[in-house]
2 protein chains.
Amino acid sequence: MAYRETVRVRERKIAQRQALLAAAESLVREGGFAALTVQALALRAGVGVGTVYRYFDAKDQLAAEVFRVATEREVAAVRSALEGDGPVATRLAATIRLFSLRALRAPRLAWALIAEPVDPAVDEARLIYRAAYRDAFQALIDHGIRQGELPPQPSQLVAAALVGALAEALTGPLASNTGNDDLIAGITIFCLRATGLAGSCIEEQPDKGEPHEHAHIAPR
Amino acid sequence: MAYRETVRVRERKIAQRQALLAAAESLVREGGFAALTVQALALRAGVGVGTVYRYFDAKDQLAAEVFRVATEREVAAVRSALEGDGPVATRLAATIRLFSLRALRAPRLAWALIAEPVDPAVDEARLIYRAAYRDAFQALIDHGIRQGELPPQPSQLVAAALVGALAEALTGPLASNTGNDDLIAGITIFCLRATGLAGSCIEEQPDKGEPHEHAHIAPR
DNA sequence: TAAACAAGTGAATCATTATTCCGATCTTCA
DNA sequence: TGAAGATCGGAATAATGATTCACTTGTTTA
C-alpha cells in the first residue's frame, strides 16, 4: 500500500466542495436556479465539469444543497428576531423588517428561494423552507394568543398568509417605485393589522392618545 | 382554380384550435405547465405533433395562450364579485370566497397560474395575471378609503399582499387538513383585518352586539 | 524515485423536447 | 372524376444541458 488520504488532502477536498457551493450560490444570486448549469458552475469555479461530479452525485442534489444552505441561513436570521422577548407587536415588526431588508438586499436570491420554478428535488426543499418560516411565525402568534396580546385565530393559516403576503409584496411587482422604508412600513402595518394588532383593534389594550392614526404607526 | 376554403372548413379549423387549447388546458390542470409538452398534447388531442404547429407558431405561444385564456376567465369571475356594490367589507369577503373556492376546486390550475415556474413567454403573462388581481383589489381598497370605510393605506402594496396571502394560503401547504369552509373563513377574516375592516376596527361603524368575536365573523 | 491510487479534465454521449418536413390523406370545384 | 390546394402524421432533426469515461495530472508512501 502506498497511498492514504492525508489531512491536507482531506482539507483541500472540503474546501473545494465549499468553493463549489459558493460558486453555485453566486450563480443563483445572479440569475436564479435557471443560471445554475453544470457548465456554468465549472467555469465559475475554474474546474472541469467532471470535477463537479466528483463532489456531487447529480445536479439535483447540488441544487437542493445550495437551496438548503441558503435557506438555513435566512431562516436562522429571521427566527432569531422572532424568538426575542418583548411584546408580540414589537417582535413581529422587527421580524418583518429583517425579512424585508434581506429580501430587498438580495432580490434575485429571495425570488429563487421563494418563487422561482425549479425541479422537483428542489421543490421539496422549498416546502421545508416555507414551512420553516410559517412555523416560526406560527409560534409567535400562538404565544401572542396565549398572552392575550392577539385575538384567537387559526395560527397556522394566518402564518402561511403572512409568509405569502411578504413574499408577494417583496418579490412580486418589485417595489422599485416606493422607497424601501415606506415599503417596509406598509408591509409592517399590514401584518400587524392582519393578526389583530395595530392600533385600536385590541380591547385589552385601550387607546392612548391618537384615536385612529392607522397610517402612521411607525414600524418599529 | 379548384380549391377555396369553405365555411365548413373554416369552422372545423376553429373547432380544432379550440380543441387543442382545451386539451392543453386539461394537461395543465392535471400536471401544471410542466406536463404541457407538444407530444403529450398531440396524444391527448388525438392528432400528430405536426398538426399542433399548424395551429400555433411555437410552444411558447401556445402556453402563453393557455395561460391567458385561463387567466381571463378567472380574473373576470373574481372581478365581477369585486365590482358589485354594497359595503366594501361584504364585497371583499365575497371576492375572497369566490377566489378561494375556485382555487380549491382546481388546485393544480391555480398553482400553475399563480406559482409554477415557467418559461419567460408565460412569465410575462403571469405578471399581467397577478397585476390584474392586484389592480382589482386595489380599486376596491381605493374606493373604501374614499368612502371612509377603510383607513388610509398604500393600496397597491396592500392589494399585492392580499394576493400573496391568498396564493400562499390556498396553494402552499395545501389546506387538506382543514375543512374548506374553515379555511375560507380564516382567510376572509385575515384579509378583512389586514385592510382595517373586521369587527371593531372601524369607528364609523359602531359595534352592534358581539363585542369581540373575531374568530366567528361569517365570511358572507 | 517509482508504484499505487485519487482527483481533475473535457470531449463524447445520452436524454429530453421543441421543431421541421415531406409523403399521405382529405376538400373543393370545374 | 380528377387536378389543385390544404391539412395530417409522425419519423427525423435540432438544441439544450446533464452525465460519463478514458485519460492526464497530482499525492502518498515505501
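Owing to the predicted nature of the structure, the values given are computational and were not obtained by experimental measurement. Each chain gets a letter, A, B and so on, in the order its sequence line appears, and its residues count up from 1.
L20(B) places its CG atom 14 Å from the P atom of dT7(D), with the value rounded to the nearest Å. The nearest whole Å value for the distance from the CG atom in L41(A) to the P atom in dG8(C) is 13 Å. Put simply, CZ on R17(B) is 18 Å from C1' on dA6(D), counting in whole angstrom units. Atom CZ of R10(A) is separated from atom P of dA6(C) by 13 Å (rounded to the nearest Å). Atom NZ of K13(B) is separated from atom C1' of dG5(D) by 11 Å (rounded to the nearest Å).
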(request) Evaluate side chain to side chain donor-acceptor pair (under 3.5 Å) for R44(A) paired with S26(A), printing each intermediate quantity in order. (result) CA-CA 9 Å; R44(A) 171 71 55 102; S26(A) 79; 2.7 Å; yes
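Between E65(A) and R17(A) there is a salt bridge, since at least one side-chain N of the basic residue sits less than 4.0 Å from a carboxylate O of the acidic one. A salt bridge does not link R79(A) to E72(A): none of the charged nitrogens lies less than 4.0 Å from a carboxylate oxygen. Look at K13(A) and E5(A) and you find a salt bridge, because one of the NZ, NE, NH1 or NH2 atoms lies within 4.0 Å of a carboxylate O, short of that distance. Ion pairing of E74(B) with R102(B) is present here, as a side-chain N (NZ or NE/NH1/NH2) and a carboxylate O approach within less than 4.0 Å.
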(request) Sugar-phosphate means primed atoms, P, OP1 and OP2; the rest is base. With that split, encode nucleotides 9-21 of chain D 5' to 3' as B, S or - using protein heavy atoms under 4.0 Å. (result) BBB------BBB-
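Within the nucleic acid shown, Y55(B) comes within 4.0 Å of sugar-phosphate atoms alone, with no base atom in reach, counting heavy atoms only.
Proximity of R8(A) to the phosphate of dT28(D): a side-chain N or O atom is located under 4.0 Å from OP1 or OP2.
Only one option out of F99(B), Y133(B), F137(B) pairs with L82(B) in a side-chain contact (heavy atoms from CB on, under 4.5 Å); it is F137(B).
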